[in-house]
Chemist: 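The structure's right below; bear with me while I get my questions together.
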Amino acid sequence: AVTNTNERASYSTNSSLIDLVAPSGDTPTLRITTTGYTSDAPEQLDLINHYFMGTSAAAPQVSVVAALILSKKPEYTEKQVRNIILASATSDPGYGVWAGHGRLNATRALLYLSPKLSGPDIVCSGTQLTIEHIPDGSSIVWDWGPNLNLISGQGSNPATFSSTGNGMSWVDATIVTSYDPFYLTKDVWSGKPVFNSISGPYPPYITSGCTGQPYTFWANPARDPASQSSYQWMVDPDYLDWYFQYQYQDWATIVFNDPGYYQVISRASNICGATNWIFNNVTIENCYYFSMYPNPASDYVTITLTVPE
């Protein structure tokens with residue numbers, strides 16, 4: 001048993017045969033506080049508080065942690081439960097052989113049942129990924145997908161990765177502990193966004209259009225949410241009359257009021273950097289519109305020519 005001052009209780013065995021310690025009191029005033037009745041005085045609630053200490057108070061706490069582990073992992077053997085309790089114990093520089101692996105730690109024991117691969121969702125250069133909630137000394141093997149390279153950390157925790165290309169990828173970690181193996185996977189985006197061309201204008205799918213009409217342009221390929229990219233759109237030349245009717249991430253709708261030769265320009269960026277500028281050329285003309293009435297007709301029709309202002 002270990003006291004509230006993190007010292008061996010006076011009645012606790014001072015032996016290297018001890019596996020771990022759990023909290024308990026050393027005097028009647030430093031006891032484990034609980035609620036209950038005694039068989040000798042069932043009418044006196046809390047009477048047990050005055051006497052609940054010693055290894056009689058420390059040992060049941062270990063049993064409770066074992067029960068909590070089995071409630072999460074009912075398939076665990078006695079050896080697995082024992083190993084996770086010992087692996088999750090908290091050590092202290094002041095502990096001697098009497099403390100074994102350290103002080104019982106219920107929170108850590110339960111966390112060790114569910115290790116987690118954490119770190120940024122985008123890998124640039126020198127990006128670190130960490131496995132949380134595993135004991136020191138666990139065996140770790142890292143594996144990774146396309147567009148990535150392991151810089152350092154194979155066999156250890158954490159590991160550092162770098163981008164070798166742009167696009168989706170993944171990182172795997174195989175962990176072997178004293179109580180269970182774990183296989184963790186994390187999907188990541190590697191590098192800058194992918195942006196190859198600008199499609200449009202729509203309508204129609206041609207390289208020319210009419211003044212005063214809205215035309216939509218969009219990035220190709222479409223924005224992948226995993227890239228966390230933002231887009232910047234521009235139109236050149238800026239001395240001609242045009243405006244953005246709509247602009248949203250990987251697409252923009254533009255109205256050209258002046259006839260002329262335009263370039264629609266865009267690029268995408270995220271925390272790893274920006275792509276090159278991408279260009280789309282479009283010619284805008286003053287267009288003439290014809291209307292016909294009646295239509296359909298059985299005899300004469302009236303055709304009207306509309307000239308843009």
Side-chain angles (χ1 to χ4, degrees), residues 68-91 101-102 105 107-196 219-230 249-250 268-276:
L68 289 172
I69 294 171
L70 288 172
S71 72
K72 298 290 186 180
K73 296 284 188 177
E75 73 278 11
Y76 269 18
T77 65
E78 178 274 335
K79 182 178 180 180
Q80 287 176 297
V81 173
R82 173 189 174 89
N83 285 345
I84 193 171
I85 290 175
L86 297 181
S88 60
T90 301
S91 185
H101 288 77
N105 190 323
T107 299
R108 186 187 288 180
L110 295 180
L111 288 174
Y112 277 6
L113 297 175
S114 303
K116 177 183 177 182
L117 181 52
S118 66
D121 294 326
I122 298 181
V123 175
C124 298
S125 176
T127 301
Q128 198 171 82
L129 297 181
T130 303
I131 304 170
E132 299 178 358
H133 315 316
I134 61 168
D136 293 338
S138 298
S139 171
I140 304 171
V141 177
W142 294 93
D143 194 12
W144 55 96
N147 304 313
L148 290 178
N149 186 41
L150 178 68
I151 297 177
S152 63
Q154 183 60 279
S156 61
N157 187 35
T160 303
F161 293 86
S162 183
S163 171
T164 59
N166 305 321
M168 282 300 302
S169 192
W170 47 265
V171 174
D172 285 352
T174 301
I175 310 157
V176 178
T177 68
S178 61
Y179 50 90
D180 212 358
F182 296 94
Y183 308 95
L184 307 180
T185 297
K186 181 178 177 63
D187 292 328
V188 296
W189 181 272
S190 177
K192 302 174 184 178
V194 176
F195 190 179
N196 297 327
N220 181 38
R223 179 180 184 268
D224 191 319
S227 69
Q228 300 182 19
S229 54
S230 59
Q249 293 291 4
D250 58 348
S269 60
N270 63 10
I271 61 172
C272 294
T275 66
N276 294 327

Chemist: Evaluate the side-chain contact (heavy atoms from CB on, under 4.5 Å) criterion for residues W142 and D172: first the C-alpha distance (whole Å), next the side-chain angles of each, then the deciding distance (0.1 Å), finally the verdict.
Modeler: CA-CA 6 Å; W142 294 93; D172 285 352; over 6 Å; no
Chemist: Can you tell if the side chain of I85 reaches within under 4.5 Å of the side chain of R82, non-hydrogen atoms only?
Modeler: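 Counting from C-beta outward, I85 and R82 never come under 4.5 Å.
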Chemist: Applying side-chain contact (heavy atoms from CB on, under 4.5 Å), run through L113 and I84 and close with a yes or a no.
Modeler: CA-CA 8 Å; L113 297 175; I84 193 171; 3.2 Å; yes
Chemist: What closest approach, in Å, do P115 and I131 show between heavy atoms, and which atom pair accounts for it?
Modeler: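 Taking every non-hydrogen atom into account, CB-CG2, 4.3 Å.
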Chemist: Return the set of residues passing side-chain hydrogen bond (donor to acceptor under 3.5 Å, both in side chains) with D143 (not counting sequence neighbours), or none when no residue passes.
Modeler: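 Checked D143 against side-chain hydrogen bond (donor to acceptor under 3.5 Å, both in side chains); zero matches.
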Chemist: Measuring only between side-chain heavy atoms, which start at C-beta, is V123 closer than 4.5 Å to S162?
Modeler: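 V123 does not reach S162 side chain to side chain.
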Chemist: Could you walk me through whether W170 and V188 satisfy the side-chain contact (heavy atoms from CB on, under 4.5 Å) test, starting with their C-alpha distance in whole Å, then the side-chain angles of each, then the deciding distance to 0.1 Å, before giving a yes or no?
Modeler: CA-CA 5 Å; W170 47 265; V188 296; 5.8 Å; no
Chemist: Report the residues that fulfil side-chain contact (heavy atoms from CB on, under 4.5 Å) with S190, sequence neighbours left out, ordered by chain and then residue number.
Modeler: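 So S190 forms a side-chain contact (heavy atoms from CB on, under 4.5 Å) with N147, L148, S163.
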Chemist: Closer than 3.5 angstrom, by distance alone: can the side chain of S138 be matched with the main-chain N or O of P135 as a donor-acceptor pair?
Modeler: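 Indeed, once roles are kept as given, a pair shorter than 3.5 Å links the two residues.
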Chemist: Taking ring-ring contact (aromatic ring centres under 6.0 Å, His included) as the test, write out the residues that go with Y112, two or more places apart.
Modeler: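 Counting only residues at least two positions away or on another chain, Y112 forms no ring-ring contact (aromatic ring centres under 6.0 Å, His included).
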Chemist: Which pairs pass disulfide (SG to SG under 2.5 Å) with one or both residues in residues 111-149, sequence neighbours excluded?
Modeler: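 Residue pairs passing disulfide (SG to SG under 2.5 Å), neighbours aside: C124-C272.
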Chemist: Could you pull out the closest heavy-atom pair between L150 and Q154, with the gap in Å?
Modeler: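 Result for this residue pair: CD2-CB, 3.6 Å.
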Chemist: Can you name the closest pair of heavy atoms from W189 and A226 and give their distance?
Modeler: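 Answer, listing the atom of W189 first, then A226: CB-O, 3.4 Å.
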Chemist: Which value, rounded to the nearest 0.5 Å, describes the distance between H133 atom NE2 and I175 atom CD1?
Modeler: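 Going from the NE2 atom of H133 to the CD1 atom of I175 covers 11.0 Å.
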Chemist: How long is the span from the CD atom in Q128 to the CZ atom in F161, to the nearest 0.5 Å?
Modeler: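 Reported value, rounded in 0.5 Å steps: 10.5 Å.
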Chemist: Partners of E132 by side-chain hydrogen bond (donor to acceptor under 3.5 Å, both in side chains), sequence neighbours excluded?
Modeler: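 With neighbours one apart ignored, the set is S118.
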Chemist: Determine which pairs satisfy disulfide (SG to SG under 2.5 Å) with at least one residue from residues 146-185, sequence neighbours left out, and list them in order.
Modeler: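 Sorted pair list comes back empty.
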Chemist: Got a donor-acceptor contact below 3.5 angstrom from the N270 side chain to the G191 backbone?
Modeler: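 Indeed, once roles are kept as given, a pair shorter than 3.5 Å links the two residues.
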Chemist: Can you list everything that forms a side-chain contact (heavy atoms from CB on, under 4.5 Å) with N166? Sequence neighbours excluded, please.
Modeler: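 For N166 the side-chain contact (heavy atoms from CB on, under 4.5 Å) partners, ignoring immediate neighbours, are K192, V194.
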Chemist: At what distance, to the nearest 0.5 angstrom, does OG of S125 lie from CD1 of I151?
Modeler: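 With rounding to 0.5 Å, OG (S125) is 5.5 Å from CD1 (I151).
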Chemist: Give a yes or no on whether the backbone of I271 and the side-chain of Q228 come within a donor-acceptor separation of less than 3.5 Å.
Modeler: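 The answer is no, because no donor-acceptor pair under 3.5 Å joins these two groups.
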Chemist: Determine whether L184 and K116 satisfy the following criterion, side-chain contact (heavy atoms from CB on, under 4.5 Å), listing intermediate values before the conclusion.
Modeler: CA-CA 7 Å; L184 307 180; K116 177 183 177 182; 5.8 Å; no
Chemist: Please list all pairs passing the disulfide (SG to SG under 2.5 Å) test where one or both residues lie in residues 135-191, with sequence neighbours left out.
Modeler: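 The answer is none; no pair qualifies.
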Chemist: Quick one: side-chain contact (heavy atoms from CB on, under 4.5 Å) partners of S269, sequence neighbours excluded?
Modeler: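 S269 satisfies side-chain contact (heavy atoms from CB on, under 4.5 Å) with S230, A274 once adjacent residues are dropped.
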Chemist: Please confirm whether the backbone N or O of P146 pairs with a side-chain atom of S169, one donor and one acceptor, at under 3.5 Å?
Modeler: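 Between the backbone of P146 and the side chain of S169 there is a qualifying donor-acceptor contact (under 3.5 Å).
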Chemist: Could you work out, with side-chain hydrogen bond (donor to acceptor under 3.5 Å, both in side chains) as the rule, every residue matching K186, not counting sequence neighbours?
Modeler: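 K186: side-chain hydrogen bond (donor to acceptor under 3.5 Å, both in side chains) contacts with D121.
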Chemist: Which disulfide (SG to SG under 2.5 Å) pairs, counting each pair once, include a residue from residues 132-175, with sequence neighbours left out?
Modeler: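 Found none.
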Chemist: In Å, rounded to the nearest 0.5 Å, how long is the span from OG1 of T160 to CG of N149?
Modeler: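 One finds 11.5 Å between OG1 of T160 and CG of N149.
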Chemist: Can any side-chain N or O of R223 pair as donor or acceptor with the backbone N or O of Q249 at less than 3.5 Å?
Modeler: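 It does not hold such a pair.
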Chemist: Report yes if the side chains of L68 and L110 come closer than 4.5 Å at any heavy-atom pair, otherwise no.
Modeler: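 Answer yes - side chains close enough.
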Chemist: Would you mind telling me which of V176, I134, T174 makes a side-chain contact (heavy atoms from CB on, under 4.5 Å) with I140?
Modeler: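 Result: among V176, I134, T174, I134 is the only option passing the side-chain contact (heavy atoms from CB on, under 4.5 Å) with I140.
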Chemist: Mind listing the closest non-hydrogen atom pair of A109 and I69 along with its distance?
Modeler: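 In terms of heavy atoms, the two residues are closest at CB-CD1, 4.3 Å.
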Chemist: For T90, which residues count as a side-chain contact (heavy atoms from CB on, under 4.5 Å) partner, sequence neighbours excluded?
Modeler: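 side-chain contact (heavy atoms from CB on, under 4.5 Å) list for T90, sorted by chain: R103, N105, R108.
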Chemist: Can you find a heavy atom in the side chain of P158 that is under 4.5 Å from one in the side chain of L129?
Modeler: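 SC-SC contact between P158 and L129 ruled out.
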Chemist: For I122 versus T127, what's the shortest heavy-atom pair and its separation?
Modeler: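 Shortest heavy-atom separation between I122 and T127 comes out as O-CG2, 3.9 Å.
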